[in-house]
Amino acid sequence: MRFLITGGAGFIGSHLAEHLLQRGDAVALLDNLSTGSMENIRHLKSSEGLSYHLDSIENRQLLAELVDDADVIVHLAAAVGVKLIVESPVRTIETNVNGTQHVLEAASKKRKVVVTASTSEVYGKNTNVPFHENADLVLGPTTKGRWSYAASKALDEFLALSYWKEKKLPVIVVRLFNTVGPRQTGRYGMVLPNFVKAALDGKPISVYGNGRQSRCFCDVRDTVEALARLIDTPRSVGEVINVGNTEEISIEALARLVKERTRSSSPIEFIPYDRAYEPGFEDMMRRVPSIEKLQALTGFRPQTPLNEIIDRVTAYFQSKSEPAHHAATSAV
Ligand code: UDP
């Protein structure tokens with residue numbers, strides 16, 4: 001099959017490209033390198049079947065040509081990371097809403113399959129874990145910048161599902177939960193690369209808030225396997241599907257585990273949310289996916305254990321000679 005991956009030089013996009021190229025598919029990448037990086041795809045550049053285009057999804061002519069040449073479009077290009085969202089809300093909203101609109105419009109003209117990446121952020125402050133795909137989205141007020149990300153992604157979902165309903169465009173909406181692994185940078189605030197880097201550098205590991213908030217971390221290899229299987233499953237079309245791991249850990253416990261596995265002497269420090277993000281910042285206390293639907297559709301459940309994930313991320317940072325923040329990523 002021929003794939004177009006928007007955001008293909010980002011963290012998840014580059015892993016997906018690698019997976020698809022390895023199984024013999026043709027892959028075109030479109031990335032403006034805003035948060036993605038050439039470093040992420042350097043090892044793929046000599047692969048037969050790869051083409052890459054360093055441009056924006058705002059370039060509608062190029063987008064139309066690339067859509068024309070593809071069977072499936074995986075739309076991963078997005079403004080990503082809570083820190084970036086708090087700092088650049090205009091960019092977040094415009095990139096997420098306009099980008100998806102362009103992709104859906106271009107794909108619709110040619111009736112191509114579109115996989116669009118949404119996020120577990122859309123569940124917002126819902127406390128009823130695990131989150132099922134048909135659960136209510138509980139967002140905070142528009143005066144709190146964080147929620148613009150969830151709202152923009154929710155609008156993307158509405159738009160994608162409307163294209164399916166009204167124009168019969170085959171869309172698959174995936175809600176990605178916290179995804180981690182080699183090549184993810186800490187630059188945009190993601191917790192695991194920041195903790196591992198701090199631990200390896202002997203610097204303080206900074207836990208935001210009281211550390212009792214929890215997350216489930218999914219290895220990017222599992223995420224990519226889930227995506228590939230969903231694409232190969234015709235019943236996925238028109239559906240919203242959670243993709244994540246279900247092993248839950250508090251952020252304080254994560255800090256301790258990272259410290260232990262890296263045999264680090266770094267202190268663990270607690271930083272109030274106000275200082276870490278912005279005054280009045282609201283966090284989600286628990287975020288756990290229900291992955292029954294993913295399993296029912298594909299027979300697959302992500303389940304790389306957290307210890308193994310931490311070791312893989314540690315090995316990645318150890319193998320890099322340059323500082324971690326040079327390996328930029330883009331994800332959802
Ligand atoms: N976090 C932290 N220290 C960091 C970065 C993040 O304690 O250096 C916390 C953050 O406040 C959140 C959790 O770790 O509660 C996960 O943050 P991340 O940005 O990785 O993903 P999110 O789940 O917020 O999208």
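All ligand and atom numbering here is 1-based and tracks the order in the structure.
- Within a 6.0 Å radius of NZ in Lys167, other residues, nucleotides and ligands contribute 12 heavy atoms or fewer.
- With respect to atom 19 (O) of ligand 1, the closest heavy atom belonging to the protein is Gly189 O, 3.5 Å.
- Counting heavy atoms of neighbouring residues, nucleotides and ligands inside a 6.0 Å radius, atom CZ of Arg23 exceeds 12 of them.
- Distances below 4.0 Å separate heavy atoms of Tyr277 from the following atoms of ligand 1: 6 (C), 10 (C), 11 (O).
- Atom CZ of Arg212 sits in a sparse spot, with 12 or fewer heavy atoms from other residues, nucleotides or ligands closer than 6.0 Å.
- Of all the listed residues (Phe195, Tyr208, Phe177, Phe281), Tyr208 holds the heavy atom that lies closest to atom 7 (O) of ligand 1.
- Using a 4.0 Å cut-off to heavy atoms of Asn178, the atoms of ligand 1 that qualify are 21 (O), 22 (P), 23 (O).
- Under the 6.0 Å cut-off for aromatic ring centres, Tyr208 and Tyr277 qualify, their centroids lying closer than that.
- When non-hydrogen atoms are compared, ligand 1 lies under 4.0 Å from the side chain of Ile251 (C-beta onward) but not from its backbone.
- Listed by atom number, the atoms of ligand 1 under 4.0 Å from Glu121 heavy atoms are 25 (O).
- In terms of polar-atom proximity, defined here as any N/O pair under 3.5 Å, Leu192 makes no such contact with ligand 1.
- A cation-pi arrangement is absent between Arg175 and Phe131, since the terminal nitrogen or guanidinium carbon is not both under 6.0 Å from the aromatic centre and inside a 45° cone about the axis.
- Heavy-atom proximity to atom 9 (C) of ligand 1, evaluated over Met284, Glu252, Met285, Gln213, is greatest for Gln213.
- Considering each of Ala255, Ser250, Ala276, Ser206, the one bringing a non-hydrogen atom nearest atom 3 (N) of ligand 1 is Ser206.
- Close contacts between ligand 1 and Met190 involve ligand atoms 19 (O), 20 (O) [criterion: under 4.0 Å to a heavy atom].
- Polar contact check, Arg215 against ligand 1: a nitrogen or oxygen pair lies under 3.5 Å apart.
- Judged by the shortest distance from any of its heavy atoms, Arg287 lies inside the 4.0 Å radius around the atoms of ligand 1.
- A cation-pi arrangement is found for Lys168 relative to Trp164, the charged atom lying closer than 6.0 Å to the ring centre and inside a 45° cone about the ring normal.
- In summary, the side chains of Glu18 and His43 do present a donor paired with an acceptor at a separation below 3.5 Å, with no hydrogens or angles considered.
- Taking every heavy atom of Asp283 and a limit of under 4.0 angstrom, the matching atoms of ligand 1 come to 11 (O), 12 (C), 15 (O).
- Of all heavy-atom pairs between Ser236 and Leu230, the closest is OG-O, 2.9 Å.
- Considering Ile268, Asn210, Val191 only, the shortest heavy-atom separation from atom 14 (O) of ligand 1 involves Val191.
- When each atom of ligand 1 is checked for a heavy atom of Tyr273 under 4.0 Å away, the hits are 11 (O).
- Around the OH atom of Tyr52, the shell of radius 6.0 Å holds no more than 12 heavy atoms that belong to other residues, nucleotides or ligands.
- Per-residue contacts place Val207 under 4.0 angstrom from the following atoms of ligand 1 (heavy atoms of the residue considered): 7 (O).
- Of all atoms in ligand 1, numbered sequentially from 1 with element shown, those under 4.0 Å from a heavy atom of Arg146 are 24 (O).
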Please test Ser152 against Asn96 for side chain to side chain donor-acceptor pair (under 3.5 Å), starting from the C-alpha separation and ending with a verdict. CA-CA 6 Å; Ser152 65; Asn96 292 355; 3.3 Å; yes

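- Checking Thr314 against Arg261 by side-chain atom types alone, no donor-acceptor pair falls below 3.5 Å.
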